[in-house]
Amino acid sequence: MRFVAMTLVSWLAAVAVCFVLIRLVPGDPVEVFADHMSLRLSPELVAAYRAQWGLDQSLLTQFWYWLQGFVTLDWGLSFATGAPVFGELIDRLGWSLAIGVGGMSLALLVGAGLGFLAAAKAGGLADQLSRVMAIGGQALPAFAVGLIALWLLAAQLQWIAPFGGGTVERLILPVGLVAFFSIGSISRLVRAGFAETVSAPHFKTALSKGLPYRTALWKHGRRRASIALLAGLAPDIAWIVGGTAVAEIIFGVPGLSERVIDAVVARDYPVLQTYVALVALWIIVGLRICAALRAWLEPRPPALGLRP
Amino acid sequence: MRAQARHVLPLMTIGLLTLLSVGALWQPLDPHAVDLQAPLESPSVEHWLGTDHLGRDVASRLLAGAQPSLLAIGIVLVASLGIGLSVGILIAFAPSAVSNVLRWLAETALALPTLIVALLLSALFGAGLIAISAALIVSTWAPYALAIAGLLERLRSEPYWTASLALGSSSWGAVRRHGVPNAWPMIGALAGADAGRAVILVASLGFLGLSPDTGRPEWGAMIHEYRLFLFSDLLLVLAPVCATALVALALNLALDRG
(Lines give C-alpha, C1' and ligand atoms only; values in the text may rest on other atoms or scores of the structure.)
Protein backbone atom coordinates (compact mmCIF):
# COMPACT_ATOMS: atom_id res chain seq x y z
CA MET A 1 0.00 0.00 0.00
CA ARG A 2 2.78 2.36 1.00
CA PHE A 3 4.63 1.20 -2.10
CA VAL A 4 1.81 2.26 -4.42
CA ALA A 5 1.33 5.55 -2.60
CA MET A 6 5.04 6.46 -2.85
CA THR A 7 5.08 5.59 -6.52
CA LEU A 8 2.03 7.75 -7.15
CA VAL A 9 3.44 10.70 -5.21
CA SER A 10 6.77 10.60 -7.10
CA TRP A 11 4.95 10.37 -10.41
CA LEU A 12 2.60 13.25 -9.57
CA ALA A 13 5.59 15.38 -8.56
CA ALA A 14 7.47 14.66 -11.79
CA VAL A 15 4.43 15.30 -13.96
CA ALA A 16 3.49 18.48 -12.07
CA VAL A 17 7.01 19.91 -12.48
CA CYS A 18 6.79 19.32 -16.22
CA PHE A 19 3.24 20.74 -16.35
CA VAL A 20 4.28 23.97 -14.63
CA LEU A 21 7.50 24.22 -16.66
CA ILE A 22 5.58 24.05 -19.93
CA ARG A 23 3.23 26.81 -18.80
CA LEU A 24 5.98 29.06 -17.45
CA VAL A 25 7.76 29.28 -20.75
CA PRO A 26 7.15 32.39 -22.80
CA GLY A 27 5.05 31.77 -25.88
CA ASP A 28 1.35 31.07 -25.54
CA PRO A 29 0.34 27.64 -26.87
CA VAL A 30 -2.42 29.30 -28.92
CA GLU A 31 0.12 31.58 -30.58
CA VAL A 32 2.42 28.64 -31.19
CA PHE A 33 -0.53 26.78 -32.73
CA ALA A 34 -1.46 29.77 -34.89
CA ASP A 35 2.14 30.12 -36.04
CA HIS A 36 2.29 26.46 -36.84
CA MET A 37 -0.89 26.57 -38.91
CA SER A 38 0.11 29.95 -40.41
CA LEU A 39 -3.13 31.39 -39.11
CA ARG A 40 -3.85 34.96 -38.17
CA LEU A 41 -6.26 34.68 -35.27
CA SER A 42 -8.44 37.52 -34.07
CA PRO A 43 -8.42 38.22 -30.32
CA GLU A 44 -11.90 36.67 -30.01
CA LEU A 45 -10.71 33.46 -31.67
CA VAL A 46 -7.63 33.37 -29.44
CA ALA A 47 -9.90 33.72 -26.43
CA ALA A 48 -12.16 30.97 -27.78
CA TYR A 49 -9.19 28.63 -28.26
CA ARG A 50 -7.87 29.46 -24.80
CA ALA A 51 -11.27 28.61 -23.36
CA GLN A 52 -11.52 25.39 -25.36
CA TRP A 53 -8.09 24.23 -24.20
CA GLY A 54 -8.84 25.34 -20.66
CA LEU A 55 -5.93 27.81 -20.62
CA ASP A 56 -8.09 30.54 -19.04
CA GLN A 57 -8.46 28.59 -15.82
CA SER A 58 -6.11 28.50 -12.85
CA LEU A 59 -3.02 26.30 -13.01
CA LEU A 60 -4.39 23.96 -10.38
CA THR A 61 -7.71 23.48 -12.18
CA GLN A 62 -5.86 22.85 -15.44
CA PHE A 63 -3.68 20.26 -13.81
CA TRP A 64 -6.69 18.59 -12.22
CA TYR A 65 -8.48 18.37 -15.58
CA TRP A 66 -5.36 17.09 -17.27
CA LEU A 67 -4.88 14.46 -14.59
CA GLN A 68 -8.50 13.33 -14.83
CA GLY A 69 -8.10 13.07 -18.57
CA PHE A 70 -4.85 11.13 -18.35
CA VAL A 71 -6.27 8.55 -15.98
CA THR A 72 -9.44 8.07 -18.06
CA LEU A 73 -7.28 7.73 -21.19
CA ASP A 74 -8.53 11.02 -22.62
CA TRP A 75 -5.12 12.50 -23.36
CA GLY A 76 -6.34 15.72 -24.97
CA LEU A 77 -6.09 16.96 -28.54
CA SER A 78 -2.80 17.48 -30.34
CA PHE A 79 -2.12 21.17 -31.02
CA ALA A 80 -0.50 20.31 -34.33
CA THR A 81 -2.93 17.82 -35.86
CA GLY A 82 -6.10 18.34 -33.81
CA ALA A 83 -6.48 14.58 -33.42
CA PRO A 84 -6.86 12.89 -30.00
CA VAL A 85 -3.42 12.25 -28.51
CA PHE A 86 -4.50 8.85 -27.19
CA GLY A 87 -5.31 7.54 -30.66
CA GLU A 88 -2.06 8.93 -32.07
CA LEU A 89 0.15 7.46 -29.39
CA ILE A 90 -1.42 4.16 -28.37
CA ASP A 91 -0.28 2.13 -31.40
CA ARG A 92 3.17 3.65 -31.19
CA LEU A 93 3.38 2.89 -27.49
CA GLY A 94 3.30 -0.84 -28.24
CA TRP A 95 6.38 -0.61 -30.44
CA SER A 96 8.28 1.50 -27.94
CA LEU A 97 7.36 -0.77 -25.06
CA ALA A 98 8.45 -3.84 -27.00
CA ILE A 99 11.84 -2.27 -27.73
CA GLY A 100 12.31 -0.91 -24.20
CA VAL A 101 11.20 -4.02 -22.32
CA GLY A 102 12.88 -6.35 -24.81
CA GLY A 103 16.15 -4.39 -24.68
CA MET A 104 16.14 -4.25 -20.91
CA SER A 105 15.43 -7.99 -20.57
CA LEU A 106 18.12 -8.92 -23.09
CA ALA A 107 20.64 -6.63 -21.39
CA LEU A 108 19.85 -8.10 -17.96
CA LEU A 109 20.13 -11.65 -19.23
CA VAL A 110 23.37 -11.24 -21.18
CA GLY A 111 24.86 -8.73 -18.73
CA ALA A 112 24.25 -10.98 -15.74
CA GLY A 113 25.77 -13.97 -17.53
CA LEU A 114 28.79 -12.00 -18.66
CA GLY A 115 29.24 -10.50 -15.20
CA PHE A 116 29.17 -13.95 -13.61
CA LEU A 117 31.73 -15.33 -16.05
CA ALA A 118 33.89 -12.23 -15.55
CA ALA A 119 33.83 -12.72 -11.78
CA ALA A 120 34.51 -16.46 -12.10
CA LYS A 121 37.82 -15.72 -13.82
CA ALA A 122 39.23 -12.27 -13.12
CA GLY A 123 41.24 -11.01 -16.08
CA GLY A 124 39.85 -13.74 -18.32
CA LEU A 125 38.16 -13.34 -21.67
CA ALA A 126 34.71 -12.56 -20.23
CA ASP A 127 36.24 -10.01 -17.87
CA GLN A 128 38.03 -8.24 -20.72
CA LEU A 129 34.91 -8.30 -22.88
CA SER A 130 32.75 -6.88 -20.12
CA ARG A 131 35.25 -4.09 -19.49
CA VAL A 132 35.45 -3.19 -23.17
CA MET A 133 31.66 -3.23 -23.46
CA ALA A 134 31.34 -0.99 -20.40
CA ILE A 135 33.73 1.58 -21.87
CA GLY A 136 32.12 1.27 -25.29
CA GLY A 137 28.65 1.69 -23.81
CA GLN A 138 29.75 4.90 -22.19
CA ALA A 139 31.85 6.37 -24.95
CA LEU A 140 30.23 5.34 -28.22
CA PRO A 141 27.21 7.19 -29.59
CA ALA A 142 24.22 4.84 -29.90
CA PHE A 143 23.20 6.11 -33.32
CA ALA A 144 26.72 5.56 -34.64
CA VAL A 145 26.74 1.94 -33.53
CA GLY A 146 23.23 1.51 -34.93
CA LEU A 147 24.18 2.90 -38.33
CA ILE A 148 27.29 0.75 -38.54
CA ALA A 149 25.26 -2.32 -37.54
CA LEU A 150 22.71 -1.46 -40.20
CA TRP A 151 25.43 -1.12 -42.82
CA LEU A 152 27.18 -4.31 -41.77
CA LEU A 153 24.17 -6.59 -41.29
CA ALA A 154 21.88 -5.25 -43.99
CA ALA A 155 24.22 -4.07 -46.75
CA GLN A 156 27.31 -6.25 -46.41
CA LEU A 157 26.12 -9.54 -44.96
CA GLN A 158 22.48 -9.17 -46.07
CA TRP A 159 21.25 -11.11 -43.06
CA ILE A 160 18.26 -8.90 -42.51
CA ALA A 161 16.01 -6.68 -44.54
CA PRO A 162 15.84 -3.36 -42.70
CA PHE A 163 12.71 -1.21 -42.51
CA GLY A 164 10.51 -4.13 -43.53
CA GLY A 165 9.57 -7.67 -42.71
CA GLY A 166 7.48 -8.94 -39.85
CA THR A 167 7.14 -7.53 -36.36
CA VAL A 168 9.90 -9.70 -34.92
CA GLU A 169 12.34 -8.88 -37.70
CA ARG A 170 11.80 -5.17 -37.22
CA LEU A 171 12.40 -5.47 -33.51
CA ILE A 172 15.66 -7.48 -33.57
CA LEU A 173 18.02 -4.62 -34.37
CA PRO A 174 16.48 -1.96 -32.08
CA VAL A 175 16.29 -4.39 -29.16
CA GLY A 176 19.87 -5.47 -29.78
CA LEU A 177 21.06 -1.87 -29.95
CA VAL A 178 19.33 -0.84 -26.72
CA ALA A 179 20.68 -3.93 -24.97
CA PHE A 180 24.22 -3.46 -26.32
CA PHE A 181 24.60 -0.21 -24.42
CA SER A 182 23.43 -1.61 -21.10
CA ILE A 183 25.19 -4.98 -21.16
CA GLY A 184 28.58 -3.50 -20.24
CA SER A 185 27.47 -1.52 -17.21
CA ILE A 186 25.16 -4.30 -15.99
CA SER A 187 27.94 -6.88 -16.27
CA ARG A 188 30.29 -4.63 -14.26
CA LEU A 189 27.70 -4.28 -11.50
CA VAL A 190 27.12 -8.03 -11.41
CA ARG A 191 30.85 -8.74 -11.49
CA ALA A 192 31.45 -6.40 -8.55
CA GLY A 193 28.65 -8.13 -6.62
CA PHE A 194 30.10 -11.59 -7.20
CA ALA A 195 33.62 -10.32 -6.43
CA GLU A 196 32.45 -9.39 -2.92
CA THR A 197 31.50 -13.02 -2.39
CA VAL A 198 34.88 -14.29 -3.58
CA SER A 199 36.61 -12.51 -0.70
CA ALA A 200 34.03 -13.59 1.91
CA PRO A 201 34.95 -16.30 4.45
CA HIS A 202 31.83 -18.38 3.82
CA PHE A 203 32.87 -18.73 0.19
CA LYS A 204 36.21 -20.26 1.26
CA THR A 205 34.25 -22.66 3.46
CA ALA A 206 32.06 -23.65 0.52
CA LEU A 207 35.17 -24.33 -1.59
CA SER A 208 36.81 -26.36 1.14
CA LYS A 209 33.64 -28.47 1.37
CA GLY A 210 34.56 -29.52 -2.16
CA LEU A 211 32.03 -27.56 -4.23
CA PRO A 212 33.21 -26.75 -7.75
CA TYR A 213 34.30 -23.08 -8.01
CA ARG A 214 31.53 -21.92 -10.32
CA THR A 215 28.76 -23.76 -8.49
CA ALA A 216 29.92 -22.27 -5.20
CA LEU A 217 30.17 -18.79 -6.68
CA TRP A 218 26.69 -19.02 -8.21
CA LYS A 219 25.01 -20.48 -5.14
CA HIS A 220 26.63 -18.16 -2.63
CA GLY A 221 27.04 -15.06 -4.73
CA ARG A 222 23.79 -14.67 -6.65
CA ARG A 223 21.88 -12.91 -3.89
CA ARG A 224 24.61 -10.36 -3.26
CA ALA A 225 25.16 -9.87 -6.97
CA SER A 226 21.43 -9.25 -7.48
CA ILE A 227 21.48 -6.64 -4.73
CA ALA A 228 24.50 -4.91 -6.27
CA LEU A 229 22.79 -4.96 -9.67
CA LEU A 230 19.50 -3.56 -8.37
CA ALA A 231 21.34 -0.80 -6.49
CA GLY A 232 23.10 0.46 -9.60
CA LEU A 233 20.41 0.02 -12.22
CA ALA A 234 18.91 3.54 -12.14
CA PRO A 235 21.04 5.04 -14.94
CA ASP A 236 20.25 2.06 -17.16
CA ILE A 237 16.50 2.38 -16.59
CA ALA A 238 16.84 6.01 -17.68
CA TRP A 239 19.09 5.10 -20.61
CA ILE A 240 16.53 2.67 -22.02
CA VAL A 241 14.17 5.58 -22.73
CA GLY A 242 16.71 7.61 -24.68
CA GLY A 243 18.13 4.50 -26.30
CA THR A 244 14.70 3.41 -27.47
CA ALA A 245 14.15 6.84 -29.02
CA VAL A 246 17.43 6.70 -30.93
CA ALA A 247 16.90 3.08 -32.01
CA GLU A 248 13.42 3.86 -33.35
CA ILE A 249 14.70 6.71 -35.47
CA ILE A 250 17.66 4.77 -36.89
CA PHE A 251 15.75 1.62 -37.75
CA GLY A 252 12.58 3.37 -38.82
CA VAL A 253 10.29 1.79 -36.22
CA PRO A 254 6.96 3.66 -35.91
CA GLY A 255 7.23 4.07 -32.14
CA LEU A 256 6.61 7.05 -29.88
CA SER A 257 9.85 8.85 -30.68
CA GLU A 258 9.03 9.85 -34.23
CA ARG A 259 5.85 11.56 -33.07
CA VAL A 260 7.64 13.11 -30.09
CA ILE A 261 10.38 14.66 -32.24
CA ASP A 262 7.65 16.22 -34.40
CA ALA A 263 5.97 17.43 -31.22
CA VAL A 264 9.24 19.01 -30.04
CA VAL A 265 9.60 20.93 -33.29
CA ALA A 266 5.94 22.03 -33.29
CA ARG A 267 5.79 22.66 -29.52
CA ASP A 268 2.87 20.27 -29.38
CA TYR A 269 2.44 20.44 -25.63
CA PRO A 270 -0.37 17.88 -25.15
CA VAL A 271 1.74 15.23 -26.87
CA LEU A 272 4.86 16.20 -24.90
CA GLN A 273 3.00 16.28 -21.60
CA THR A 274 1.61 12.80 -22.23
CA TYR A 275 5.01 11.50 -23.29
CA VAL A 276 6.66 12.87 -20.16
CA ALA A 277 3.92 11.31 -18.03
CA LEU A 278 4.51 7.93 -19.67
CA VAL A 279 8.31 8.17 -19.39
CA ALA A 280 8.05 9.21 -15.75
CA LEU A 281 5.73 6.27 -15.10
CA TRP A 282 8.23 3.84 -16.65
CA ILE A 283 11.20 5.20 -14.72
CA ILE A 284 9.47 5.55 -11.38
CA VAL A 285 7.82 2.13 -11.53
CA GLY A 286 11.18 0.67 -12.62
CA LEU A 287 13.03 2.28 -9.71
CA ARG A 288 10.30 1.26 -7.26
CA ILE A 289 10.40 -2.34 -8.42
CA CYS A 290 14.19 -2.31 -8.00
CA ALA A 291 13.88 -0.89 -4.50
CA ALA A 292 11.19 -3.40 -3.54
CA LEU A 293 13.19 -6.36 -4.88
CA ARG A 294 16.24 -5.12 -3.03
CA ALA A 295 14.35 -4.83 0.21
CA TRP A 296 13.02 -8.35 -0.31
CA LEU A 297 16.48 -9.80 -1.04
CA GLU A 298 18.15 -7.94 1.77
CA PRO A 299 15.84 -8.11 4.75
CA ARG A 300 18.02 -5.78 6.75
CA PRO A 301 16.26 -2.75 8.26
CA PRO A 302 17.33 0.45 6.58
CA ALA A 303 19.81 2.47 8.63
CA LEU A 304 17.95 5.22 10.44
CA GLY A 305 19.77 8.51 10.70
CA LEU A 306 23.11 6.77 10.37
CA ARG A 307 24.70 7.25 7.01
CA PRO A 308 27.38 4.86 5.78
CA MET B 1 53.16 -0.68 -22.02
CA ARG B 2 50.15 0.12 -19.82
CA ALA B 3 52.07 2.80 -17.94
CA GLN B 4 53.17 4.35 -21.20
CA ALA B 5 49.64 4.35 -22.56
CA ARG B 6 48.55 6.32 -19.50
CA HIS B 7 50.95 9.12 -20.34
CA VAL B 8 50.33 9.07 -24.06
CA LEU B 9 46.53 9.03 -23.98
CA PRO B 10 45.99 12.37 -22.23
CA LEU B 11 48.53 14.00 -24.55
CA MET B 12 46.78 12.55 -27.59
CA THR B 13 43.44 13.78 -26.30
CA ILE B 14 44.81 17.27 -25.71
CA GLY B 15 46.27 17.18 -29.21
CA LEU B 16 42.92 16.11 -30.66
CA LEU B 17 41.04 18.86 -28.81
CA THR B 18 43.58 21.47 -29.88
CA LEU B 19 43.26 20.34 -33.47
CA LEU B 20 39.49 20.58 -33.23
CA SER B 21 39.60 24.02 -31.59
CA VAL B 22 41.78 25.30 -34.39
CA GLY B 23 39.57 23.52 -36.91
CA ALA B 24 36.43 25.07 -35.47
CA LEU B 25 37.86 28.50 -36.30
CA TRP B 26 39.77 27.76 -39.48
CA GLN B 27 38.99 25.26 -42.24
CA PRO B 28 41.00 24.48 -45.38
CA LEU B 29 37.98 25.17 -47.61
CA ASP B 30 34.69 27.01 -47.11
CA PRO B 31 32.41 24.42 -45.42
CA HIS B 32 29.34 26.04 -47.00
CA ALA B 33 30.60 26.27 -50.58
CA VAL B 34 28.26 24.17 -52.73
CA ASP B 35 29.71 22.70 -55.93
CA LEU B 36 27.03 20.73 -57.75
CA GLN B 37 29.56 19.81 -60.45
CA ALA B 38 31.51 17.65 -58.02
CA PRO B 39 29.14 15.70 -55.78
CA LEU B 40 30.18 12.60 -53.79
CA GLU B 41 33.85 12.74 -54.80
CA SER B 42 36.39 10.37 -53.30
CA PRO B 43 39.15 11.73 -51.07
CA SER B 44 41.80 13.69 -52.97
CA VAL B 45 44.54 16.20 -52.26
CA GLU B 46 42.07 19.04 -52.62
CA HIS B 47 39.20 17.39 -50.73
CA TRP B 48 40.85 15.38 -47.94
CA LEU B 49 37.73 13.39 -47.16
CA GLY B 50 35.95 13.89 -50.47
CA THR B 51 32.78 15.90 -51.02
CA ASP B 52 29.17 15.35 -50.01
CA HIS B 53 26.04 15.15 -52.19
CA LEU B 54 26.10 18.92 -52.68
CA GLY B 55 29.82 18.99 -53.44
CA ARG B 56 30.75 20.53 -50.10
CA ASP B 57 34.14 19.66 -48.62
CA VAL B 58 33.59 16.98 -45.95
CA ALA B 59 36.85 17.64 -44.08
CA SER B 60 36.07 21.32 -43.70
CA ARG B 61 32.52 20.59 -42.57
CA LEU B 62 33.88 18.11 -40.06
CA LEU B 63 36.26 20.71 -38.61
CA ALA B 64 33.64 23.43 -38.49
CA GLY B 65 31.17 20.97 -36.97
CA ALA B 66 33.37 20.50 -33.90
CA GLN B 67 32.39 23.89 -32.51
CA PRO B 68 29.06 23.03 -30.84
CA SER B 69 30.59 19.93 -29.26
CA LEU B 70 33.56 21.86 -27.88
CA LEU B 71 31.28 24.56 -26.48
CA ALA B 72 29.10 21.92 -24.83
CA ILE B 73 32.15 20.24 -23.26
CA GLY B 74 33.32 23.52 -21.82
CA ILE B 75 29.94 24.56 -20.43
CA VAL B 76 29.19 21.16 -18.97
CA LEU B 77 32.56 20.66 -17.28
CA VAL B 78 32.60 24.08 -15.64
CA ALA B 79 28.95 24.16 -14.58
CA SER B 80 28.36 20.59 -13.47
CA LEU B 81 31.70 20.45 -11.67
CA GLY B 82 30.92 23.70 -9.87
CA ILE B 83 27.40 22.67 -8.89
CA GLY B 84 28.38 19.08 -8.09
CA LEU B 85 31.30 20.09 -5.84
CA SER B 86 29.27 22.67 -3.94
CA VAL B 87 26.31 20.35 -3.41
CA GLY B 88 28.62 17.48 -2.44
CA ILE B 89 30.31 19.60 0.23
CA LEU B 90 26.88 20.75 1.42
CA ILE B 91 25.61 17.16 1.66
CA ALA B 92 28.63 16.23 3.74
CA PHE B 93 28.58 19.21 6.10
CA ALA B 94 25.09 20.77 6.16
CA PRO B 95 22.53 19.86 8.83
CA SER B 96 20.82 16.59 8.05
CA ALA B 97 17.49 18.21 7.07
CA VAL B 98 19.25 20.07 4.24
CA SER B 99 21.59 17.28 3.28
CA ASN B 100 18.80 14.71 3.08
CA VAL B 101 16.86 16.88 0.65
CA LEU B 102 19.99 17.50 -1.44
CA ARG B 103 20.86 13.82 -1.46
CA TRP B 104 17.32 12.94 -2.55
CA LEU B 105 17.57 15.55 -5.34
CA ALA B 106 20.89 14.11 -6.50
CA GLU B 107 19.55 10.55 -6.50
CA THR B 108 16.49 11.67 -8.46
CA ALA B 109 18.66 13.48 -10.99
CA LEU B 110 20.57 10.23 -11.58
CA ALA B 111 17.40 8.63 -12.93
CA LEU B 112 16.57 11.41 -15.41
CA PRO B 113 16.96 10.37 -19.05
CA THR B 114 19.34 13.01 -20.43
CA LEU B 115 18.16 12.75 -23.99
CA ILE B 116 14.51 13.13 -23.04
CA VAL B 117 15.27 16.10 -20.79
CA ALA B 118 17.16 17.63 -23.70
CA LEU B 119 14.19 17.00 -26.00
CA LEU B 120 11.78 18.62 -23.57
CA LEU B 121 14.04 21.63 -23.02
CA SER B 122 14.49 21.97 -26.78
CA ALA B 123 10.72 22.11 -27.13
CA LEU B 124 10.46 24.72 -24.39
CA PHE B 125 13.36 27.01 -25.21
CA GLY B 126 13.95 26.14 -28.84
CA ALA B 127 16.64 23.77 -30.05
CA GLY B 128 20.01 25.23 -29.21
CA LEU B 129 23.08 25.09 -27.06
CA ILE B 130 21.14 26.50 -24.10
CA ALA B 131 18.74 23.56 -24.09
CA ILE B 132 21.55 21.03 -24.58
CA SER B 133 23.75 22.53 -21.88
CA ALA B 134 20.88 22.82 -19.41
CA ALA B 135 19.92 19.19 -20.00
CA LEU B 136 23.51 18.08 -19.50
CA ILE B 137 23.97 20.10 -16.36
CA VAL B 138 20.70 18.77 -14.91
CA SER B 139 21.80 15.20 -15.44
CA THR B 140 25.55 15.37 -14.77
CA TRP B 141 25.97 17.32 -11.53
CA ALA B 142 24.55 14.53 -9.37
CA PRO B 143 27.35 11.92 -9.68
CA TYR B 144 29.92 14.54 -8.61
CA ALA B 145 27.83 15.58 -5.63
CA LEU B 146 27.25 12.01 -4.44
CA ALA B 147 30.88 10.99 -5.01
CA ILE B 148 32.28 14.04 -3.23
CA ALA B 149 29.87 13.64 -0.32
CA GLY B 150 30.85 9.98 0.04
CA LEU B 151 34.54 10.84 -0.11
CA LEU B 152 34.30 13.64 2.43
CA GLU B 153 32.33 11.45 4.81
CA ARG B 154 35.02 8.78 4.55
CA LEU B 155 37.84 11.29 4.99
CA ARG B 156 36.23 12.76 8.06
CA SER B 157 36.90 9.55 9.94
CA GLU B 158 40.61 9.58 8.96
CA PRO B 159 43.05 10.50 11.74
CA TYR B 160 44.77 13.19 9.67
CA TRP B 161 41.45 14.95 9.21
CA THR B 162 40.87 15.11 12.95
CA ALA B 163 44.51 16.11 13.43
CA SER B 164 44.10 18.93 10.95
CA LEU B 165 41.04 20.20 12.83
CA ALA B 166 42.88 19.84 16.15
CA LEU B 167 45.72 21.95 14.77
CA GLY B 168 43.22 24.77 14.39
CA SER B 169 42.20 24.45 10.76
CA SER B 170 38.58 25.18 9.90
CA SER B 171 36.38 22.53 8.20
CA TRP B 172 36.66 24.49 4.99
CA GLY B 173 40.43 24.54 5.39
CA ALA B 174 40.47 20.77 5.86
CA VAL B 175 38.31 20.31 2.76
CA ARG B 176 40.78 22.39 0.78
CA ARG B 177 43.90 20.82 2.26
CA HIS B 178 42.82 17.15 2.34
CA GLY B 179 39.51 16.79 0.53
CA VAL B 180 40.34 18.40 -2.81
CA PRO B 181 43.61 16.53 -3.52
CA ASN B 182 41.94 13.23 -2.65
CA ALA B 183 39.02 14.01 -4.91
CA TRP B 184 41.00 14.71 -8.10
CA PRO B 185 41.34 11.17 -9.51
CA MET B 186 37.62 10.54 -9.01
CA ILE B 187 36.64 13.91 -10.46
CA GLY B 188 38.91 13.22 -13.42
CA ALA B 189 37.15 9.97 -14.27
CA LEU B 190 33.70 11.53 -13.90
CA ALA B 191 34.70 14.60 -15.90
CA GLY B 192 36.04 12.46 -18.72
CA ALA B 193 32.80 10.51 -18.89
CA ASP B 194 30.78 13.74 -18.79
CA ALA B 195 32.78 15.43 -21.50
CA GLY B 196 32.28 12.34 -23.63
CA ARG B 197 28.56 12.36 -22.84
CA ALA B 198 28.34 16.02 -23.85
CA VAL B 199 29.82 15.24 -27.26
CA ILE B 200 27.44 12.32 -27.70
CA LEU B 201 24.36 14.28 -26.63
CA VAL B 202 25.09 17.16 -29.00
CA ALA B 203 25.51 14.66 -31.82
CA SER B 204 22.43 12.65 -30.78
CA LEU B 205 20.19 15.71 -30.84
CA GLY B 206 21.66 16.71 -34.17
CA PHE B 207 20.99 13.23 -35.45
CA LEU B 208 17.37 13.44 -34.29
CA GLY B 209 17.06 16.62 -36.35
CA LEU B 210 17.40 19.11 -33.50
CA SER B 211 20.80 20.69 -34.03
CA PRO B 212 21.68 23.93 -32.25
CA ASP B 213 21.90 26.00 -35.41
CA THR B 214 20.65 24.47 -38.63
CA GLY B 215 22.81 26.80 -40.71
CA ARG B 216 26.10 25.57 -39.31
CA PRO B 217 27.57 22.13 -39.85
CA GLU B 218 27.42 19.90 -36.80
CA TRP B 219 28.43 16.23 -36.50
CA GLY B 220 25.04 14.85 -35.54
CA ALA B 221 23.28 16.92 -38.18
CA MET B 222 25.82 15.71 -40.76
CA ILE B 223 25.09 12.09 -39.85
CA HIS B 224 21.37 12.83 -40.07
CA GLU B 225 21.86 14.34 -43.51
CA TYR B 226 24.30 11.76 -44.86
CA ARG B 227 22.60 8.63 -43.54
CA LEU B 228 20.65 8.43 -46.80
CA PHE B 229 23.98 7.55 -48.42
CA LEU B 230 24.77 4.82 -45.91
CA PHE B 231 24.54 2.08 -48.52
CA SER B 232 26.11 3.96 -51.42
CA ASP B 233 28.85 6.15 -49.95
CA LEU B 234 29.85 4.81 -46.55
CA LEU B 235 32.75 7.24 -46.03
CA LEU B 236 30.33 10.16 -45.94
CA VAL B 237 28.54 8.68 -42.91
CA LEU B 238 31.68 7.22 -41.40
CA ALA B 239 33.56 10.55 -41.20
CA PRO B 240 31.24 12.31 -38.69
CA VAL B 241 30.45 9.02 -36.93
CA CYS B 242 34.14 8.34 -36.35
CA ALA B 243 34.81 11.92 -35.30
CA THR B 244 32.09 11.74 -32.64
CA ALA B 245 33.09 8.30 -31.40
CA LEU B 246 36.81 9.14 -31.40
CA VAL B 247 36.43 12.32 -29.37
CA ALA B 248 34.02 10.73 -26.90
CA LEU B 249 36.24 7.67 -26.48
CA ALA B 250 39.42 9.73 -26.14
CA LEU B 251 37.87 11.93 -23.44
CA ASN B 252 36.66 8.88 -21.55
CA LEU B 253 39.98 7.05 -21.66
CA ALA B 254 42.28 10.00 -21.11
CA LEU B 255 40.76 11.16 -17.85
CA ASP B 256 39.98 7.72 -16.44
CA ARG B 257 42.78 6.78 -14.07
CA GLY B 258 40.74 4.01 -12.39
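Chain identifiers are assigned alphabetically (A, B, ...) following the order of the sequence lines, protein sequences preceding nucleic acid strands; residue numbering begins at 1 within each chain.
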Return the minimal non-hydrogen interatomic distance between [X] and [Y], and the atom names on each side.
X	Y	answer
A139(A)	I200(B)	O-CD1, 3.4 Å
L124(B)	Y269(A)	CD2-CE2, 4.1 Å
F207(B)	I249(A)	CE2-CG2, 4.1 Å

Contact origin within [X] toward chain A - heavy atom pairs under 4.5 Å:
X	result
L208(B)	both
L110(B)	backbone
L234(B)	side chain
R197(B)	side chain
L238(B)	side chain

Is [X] close to chain B through its backbone or its side chain, or both, or neither, when contacts mean heavy atoms under 4.5 Å?
X	answer
L140(A)	both
V145(A)	neither
I240(A)	neither

Rounded to the nearest 0.5 Å, how far does OH of Y226(B) lie from CG of L147(A)?
14.0 Å

So for atom CG, which belongs to L21(A), do other residues, nucleotides or ligands contribute more than 12 heavy atoms lying within a distance under 6.0 Å?
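Check passes, neighbour count above 12.
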
Would I135(A) and L249(B) satisfy side-chain contact (heavy atoms from CB on, under 4.5 Å), going step by step from the backbone distance to the final call?
CA-CA 8 Å; I135(A) 295 176; L249(B) 199 63; 4.1 Å; yes

Evaluate the side-chain contact (heavy atoms from CB on, under 4.5 Å) criterion for residues L115(B) and W239(A): first the C-alpha distance (whole Å), next the side-chain angles of each, then the deciding distance (0.1 Å), finally the verdict.
CA-CA 8 Å; L115(B) 188 64; W239(A) 146 255; over 6 Å; no

